[in-house]
**Student:** 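This is the structure I have questions about; it appears just below.
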Amino acid sequence: MQIHKYDTVIVGAGGAGMRAAIEATKRSRTAVLTKLYPTRSHTGAAQGGMAAALANVEDDNWEWHTFDTIKGGDYLVDQDAAEILAKEAIDAVLDLEKMGLPFNRTPEGRIDQRRFGGHSRNHGEAPVRRACYAADRTGHMILQTLYQNCVKEGVEFFNEFYVLDQILVEEDGVKKSAGVVAYELATGEIHVFQAKAVVYASGGTGKFFKVTSNAHTLTGDGQAAVYRRGLPLEDMEFFQFHPTGIWRMGILLTEGARGEGGILRNKDGERFMEKYAPVMKDLASRDVVSRAIYTEIREGRGCGPEGDHVYLDLTHLPPEQLDAKLPDITEFARTYLGIEPYTDPIPIQPTAHYAMGGIPTNVEGEVLSDNTTVVPGLYAAGEVACVSVHGANRLGTNSLLDINVFGRRAGIAAAEYSADHDYAELPEAPAQFVVDQVERLRASTGNERVAQLRKELQETMDANVMVFRTEQTIKTAVEKIGELRARYRNVSVQDKGKRFNTDLLEAIELGNLLDLAEVMAVSALARKESRGGHYREDYPNRDDVNFMRHTMAYREVGADGAESIRLDYKPVVQTRYQPMERKY
Amino acid sequence: MSTATLDKVEAEAQASPYITVTFRIRRFNPEISDEATWQDFELEIDPKERVLDGLHKIKWDMDGTLTFRRSCAHGICGSDAMRINGRNRLACKTLIKDINPDKPITVEPIKGLTVLKDLVVDMDPFFQAYRDVMPFLITKGNEPTRERLQSAEDRARFDDTTKCILCAACTSSCPVFWNDGQYFGPAAIVNAHRFIFDSRDEGGEQRLEVLNDKDGVWRCRTTFNCTDACPRGIEVTKAIQEVKRALITRRF
Ligand SMILES: Cc1cc2nc3c(=O)[nH]c(=O)nc-3n(C[C@H](O)[C@H](O)[C@H](O)COP(=O)(O)OP(=O)(O)OC[C@H]3O[C@@H](n4cnc5c(N)ncnc54)[C@H](O)[C@@H]3O)c2cc1C
Ligand code: SF4
Ligand code: FES
């Protein structure tokens, strides 16, 4: 076992982690631990754009953007945070441009902007062009640009290091971060990173669903690590199902396709979104569109022999426009479906896309141990975190924005903290949990297989806690997850080696997914209302009297060692916008 | 819209005609043996699935020790470049039906980088070459308050090379690189191109000096392997030629 000492340690090298690293490296001795090479992070998969009211192509301002974000989040958004997001958006985009990001340009040479779901002029009057973009590979360009600037700043990376545990200590009755424990893929060695400040930027957790736009590696490791140590997770029941995933595969086709004029159609060729969202139509917010699609499918207007999907129609758009603005996604349709989007509509279905919930933080990125108390030395930003700027439903293009705005903030705050604090003392045997976990899995002769359990988990999540939920379906999921967690204790891996043991790591990742799936389902069961991405058929309306509040889920361990989840609630920060009914 | 093709696609998807294929995989695990060996796996697979799906089936259902990198599964993260039937490709972007499943499908690690285990190679030299070309915007003078202006034409000038996902398919298909790992290789040059031809960049001279080095662009023998290998459709050889020309004319 090796022990390293850094002022600031950042967990994850996606957009949020690298944006934080650029700031932290300038101010403190910083290490970035990442399970993937930085440029493999899933930020690179983001396509459509990054929101900012630059007003480069039409009238716009950050106040409208704030309102859209709050309304899009079905009023569960913390309004102070949304205001910061929208205000700082402008500099966040300009900073990226100055770092070299090759945005598409207007005829005047400014950053071009396009329409995206839920972004509107003057509080919902009409769609507005707010998304700054680089063709349909905006996330790729953000990830590359940030990595390039990390190279420029000399950021120190530990590539293919998996952080598996958070070290929390108690000093004078205060819970503090002392560092993290990581597993080195190449050698199987366990490393302790003692740090004054730790920033989690480890991304989402979509792999507990089967049909998902998320990478195989998005297994919620960061959320699971802090949750296991008794810190809460906020709003985990809110998961976004993006309307347009490639049928059965879940690969995303950006909302930018509809921003460019693409239309959703059912088997009769009808533009069905006109019925559900007369003003915004195909560009209504994602939860609305995903439910509309499943309503069409359930009512027998789905396409194909099994009527289990609808079409994204781009055939009326000029091929030059598709080539210039949507080259990647049209290629996905060709590669994976054998379809020519110039002439054929593309079969799509909603795909599990984005975790609105996560590790609760304040607007400086400081992690909370309850509704108000900060954990000194612990920070989080990006999809792993819940600030909450996305509330019950994130608007498209607001996450690439989130990772830049709050990644930057967390990086600065963490480095400033490490500048004037000392190391918290490491506990005895700081790596014990990971050592035991790894040894147990290597030694296990149990008869359960990781792939089988993961498959069953994904199937139950897709069937029971996706776009439509009821008490019945959620209970089915909770029960199934409980069974899978019990069986997980009997899981064994075939690879017993040290080098590049991805078999072992998949087992650990599955453990994280199981923990988080349970939190999600239990949180969803208790929320007896419908709001944003969480839709309960048995409680189809939003209930502001009882549920205008964030869920806070805590892991409890009884005297007998039995685990359970305790739910608590946290008030929503409201500043100037009163909740209204959400119409598009 | 041509419902005929669509019906065909959907009907085919419905029929799910599983076939039996053989994956012939180059295995290497220094914890067990210093020798690499071929191992055959027979599996049932839908020909419309990806080679990556096949590798997962093997890892998940047959042999958990099979080791390879992957993440996004749709050709965007650059993790899973490998030699499939003798050609560099991304496993997640290669459908079984497109590589003749009647014969055994061979899968080997990419060449020219040290194999660490099975299909996993040491990527550090590859990323080092990338870092050596100073792959970041270099500007002089004061920063503007707003964005720098750039015309759509100037932006188009380097569009192709911004698509690179650093998968190393090009570099590891280059015979010059196989013989001499000191050569920067096509990927690094592609990424230098991305900045040399960016109208906002002022570091062109510095970068060209790096590439003028004995291990730089002049080693390229224009075999076009890189262009054929690139899963992002980047015209790699053309980019290298443009850099060579810029070195001679100092115009870019
Ligand atoms: C297909 C797709 C398209 C999207 N399009 C858009 C869009 O157009 N606009 C928009 O705003 N948003 C979009 N999003 C959402 C947005 O891209 C993501 O939410 C955002 O990029 C997440 O960034 P991140 O930095 O938080 O995490 P990621 O980029 O996922 O990075 C996570 C990092 O954490 C590391 N990591 C994970 N676990 C560990 C561990 N245990 N130890 C060490 N390191 C670890 C990984 O190596 C990685 O570097 C899209 C998402 C998807 C999936
Ligand atoms: S140029 Fe193409 S083949 Fe080479 S690293 Fe980039 S994406 Fe891969
Ligand atoms: S897994 Fe990402 S490119 Fe293939």
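Every value quoted in this text rests on a predicted model; they were computed, and no experiment measured them. The sequence lines fix the lettering, A, B, ..., with proteins before strands; numbering per chain opens at 1. When reading the values below, keep in mind they use all heavy atoms of this one structure, side chains included, and skip hydrogens, waters and symmetry mates.
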**Student:** Considering only heavy atoms from C-beta outward, does the side chain of R194(B) approach that of Q148(A) to under 4.5 Å?
**Tutor:** yes
**Student:** Can you check whether S151(B)'s main-chain N or O pairs, donor with acceptor, with R105(A)'s side chain at less than 3.5 Å?
**Tutor:** no
**Student:** Could you tell me which of E143(B), R131(B), R146(B) has the largest number of non-hydrogen atom pairs under 4.5 Å with chain A?
**Tutor:** R146(B)
**Student:** Is the side chain of H74(B) donor-acceptor paired with the backbone N or O of L252(A) at a distance under 3.5 Å, no angle test?
**Tutor:** no
**Student:** Determine whether F332(A) and K93(B) satisfy the following criterion, side chain to side chain contact (heavy atoms under 4.5 Å, CB included), listing intermediate values before the conclusion.
**Tutor:** CA-CA 9 Å; F332(A) 295 154; K93(B) 236 185 147 173; 5.7 Å; no
**Student:** Cut-off 3.5 Å, side chains only: do R69(B) and T502(A) have a donor facing an acceptor?
**Tutor:** no
**Student:** Report the C-alpha separation of R40(A) and S79(B) in whole Å, then their side-chain angles, then the decisive distance to 0.1 Å, and conclude whether the side chain to side chain contact (heavy atoms under 4.5 Å, CB included) test is met.
**Tutor:** CA-CA 7 Å; R40(A) 314 291 185 225; S79(B) 297; 3.4 Å; yes
**Student:** State, with a plain yes or no, whether a side-chain heavy atom of L119(B) is found less than 4.5 Å away from one of F500(A).
**Tutor:** no
**Student:** In terms of relative ring orientation, are F127(B) and Y147(A) parallel, tilted or perpendicular, with 30° and 60° separating the classes?
**Tutor:** perpendicular
**Student:** Within a strict 4.5 Å, meaning less than it, do heavy atoms of the T67(B) and D495(A) side chains meet?
**Tutor:** yes
**Student:** Under 4.0 Å between a side-chain nitrogen and a carboxylate oxygen: does that hold for R200(B) and E97(A)?
**Tutor:** yes
**Student:** Taking side chain as everything from C-beta outward and backbone as N, CA, C, O, which of these in Y342(A) sits under 4.5 Å from a heavy atom of chain B? Side chain, backbone, both or neither.
**Tutor:** neither
